[in-house]
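Single-structure report; data block below.
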2 protein chains.
Amino acid sequence: MAKDDLGQELPEVDPSGQELVYMAVANHIAGQIERGERAVGSRLPSELDLSNMWGVARMTTRRAIRELSERGLVRAVHGKGTFVTRPDS
Amino acid sequence: MAKDDLGQELPEVDPSGQELVYMAVANHIAGQIERGERAVGSRLPSELDLSNMWGVARMTTRRAIRELSERGLVRAVHGKGTFVTRPDS
DNA sequence: ATGCATTTGTCCGTATGTATG
DNA sequence: TCATACATACGGACAAATGCA
């Protein structure tokens, strides 16, 4: 059972299933943000770290972050990282 | 015939071949560490230097260093460099 | 105390190839 | 045929830590 940086278990996402992998990643992180487990202003693991944690490709991680970004939950800053902007959508 | 900082010849790695470029770099350095040619505590060439020596992208060098790091052979320190931690895996 | 160079860390964008559905 | 997803690999820019002049 793989765990993320918060020590939470990560669901195994089957790429052949109905749920899109990048959406599963995005929803998992969105839930943590909405529950306040990821504080506003805190930094997410890097794209590469998230990719390794989840066992997914970097492109998939980037799509997930783009998804969160479009929901207004996070903001990616060039050279710094990706930060939580709001606690809820 | 390109040479590294130890004066050793570097194999030409064909990105289109079967052997992965980052693994070739990692294995080359790992061998030097295991043979004691790179002492514990010594610093590796910078990522940029390694990239230039091997004629590869920095990302490939970083991937190789990550590999060595996961084997417990080296440890990267922000702002300082990457250092040999143990002589063998 | 300030500035600069070096080095690692991170994000951005792109390309190629393979596999699956 | 096309979208999703994996892995590798390229190049670039910006940020942060370190060390030195």
Side-chain angles (χ1 to χ4, degrees), chain A residues 2 4-5 10-29 38 41-85, chain B residues 2 4-5 10-30 33 38 41-85:
Chain A
D4 66 10
D5 58 310
L10 299 182
E12 289 157 24
V13 188
D14 181 8
S16 62
Q18 300 111 15
E19 190 180 25
L20 300 181
V21 178
Y22 79 88
M23 280 298 291
V25 176
N27 287 333
H28 181 87
I29 296 174
R38 291 193 185 275
S42 69
R43 217 202 73 194
L44 261 52
S46 72
E47 295 174 350
L48 230 57
D49 285 345
L50 284 173
S51 302
N52 294 333
M53 280 178 203
W54 284 83
V56 302
R58 181 188 160 214
M59 289 308 302
T60 304
T61 300
R62 283 177 60 74
R63 290 198 66 171
I65 290 176
R66 197 180 82 193
E67 182 68 25
L68 294 172
S69 186
E70 285 169 357
R71 293 189 206 170
L73 294 176
V74 305
R75 193 167 64 100
V77 183
H78 194 175
K80 294 185 72 174
T82 302
F83 302 85
V84 177
T85 50
Chain B
D4 67 9
D5 59 310
L10 299 182
E12 289 157 23
V13 187
D14 180 8
S16 61
Q18 292 111 16
E19 190 181 24
L20 302 181
V21 178
Y22 81 87
M23 281 297 292
V25 176
N27 287 333
H28 182 87
I29 297 174
I33 294 175
R38 291 192 185 275
S42 69
R43 217 202 73 191
L44 261 52
S46 73
E47 294 174 352
L48 226 57
D49 286 344
L50 284 173
S51 301
N52 292 334
M53 280 178 204
W54 286 83
V56 301
R58 187 185 165 206
M59 187 204 157
T60 303
T61 299
R62 284 180 62 77
R63 183 68 185 79
I65 289 176
R66 195 182 93 194
E67 182 68 26
L68 295 173
S69 186
E70 285 169 356
R71 294 189 205 170
L73 294 176
V74 304
R75 194 166 65 97
V77 184
H78 194 177
K80 295 185 73 172
T82 302
F83 302 87
V84 177
T85 51

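So you know, we letter chains A, B, ... as the sequences are listed, proteins then strands, and number each from 1.
Rounding to whole angstrom units, CZ of residue A/F83 and P of D/dA15 are separated by 11 Å. One can place CG of A/L44 at 13 Å from C1' of C/dT10, the figure rounded to the nearest angstrom. Counting to the nearest Å, the C1' atom of D/dA13 and the CD atom of A/E47 are 14 Å from each other. We find that CZ of A/R43 is positioned 11 Å from P of C/dG9, with the value rounded to whole Å. Atom-to-atom, CZ of A/R58 to C1' of D/dT4 comes out at 17 Å; the value is rounded to the nearest Å. Note: NE2 (B/H78) to P (C/dT7) measures 13 Å, nearest angstrom. Put simply, CG on A/N52 is 10 Å from P on D/dT8, counting in whole angstrom units. Going from atom CE of A/M23 over to atom P of D/dA3 covers 18 Å, rounded to whole Å.
When all heavy atoms of B/G72 and B/T85 are compared, the closest pair comes out as O-OG1, 2.9 Å.
Taking side-chain N and O atoms only, B/K80 has a distance below 4.0 Å to OP1 or OP2 of D/dG19. Residue A/R62 has no polar side-chain atom (N or O) positioned under 4.0 Å from OP1 or OP2 of C/dC11. Contact check, B/Y22 against D/dT8: a side-chain N or O comes under 4.0 Å of OP1 or OP2. Between A/R63 and the phosphate of D/dT4, there is a side-chain N or O to OP1/OP2 separation shorter than 4.0 Å. Residue A/T82 places at least one side-chain N or O closer than 4.0 Å to OP1 or OP2 of C/dC11.
Mapping A/V77 and B/M59 onto DNA chain D by nearest heavy atom places B/M59 closer to the 5' end of the strand.
Residues B/V84 and B/L44 meet the side-chain proximity criterion, which asks for heavy atoms closer than 4.5 Å. The shortest side-chain heavy-atom distance between A/H28 and A/D4 falls under the 4.5 Å cut-off. For the pair A/N27/A/E19, a side-chain contact is recorded, criterion being any heavy-atom separation below 4.5 Å from C-beta on.
Of the charged side-chain nitrogens involved, none lies within less than 4.0 Å of a carboxylate oxygen, so that B/R43 and B/D5 do not count as a salt-bridged pair.
The side chain of A/L20 lies closest to D/dA5, out of D/dA5, C/dT8, D/dA9. Distances from the side chain of A/S46 to the nucleotides C/dT10, D/dG11, C/dG9 place C/dT10 closest.
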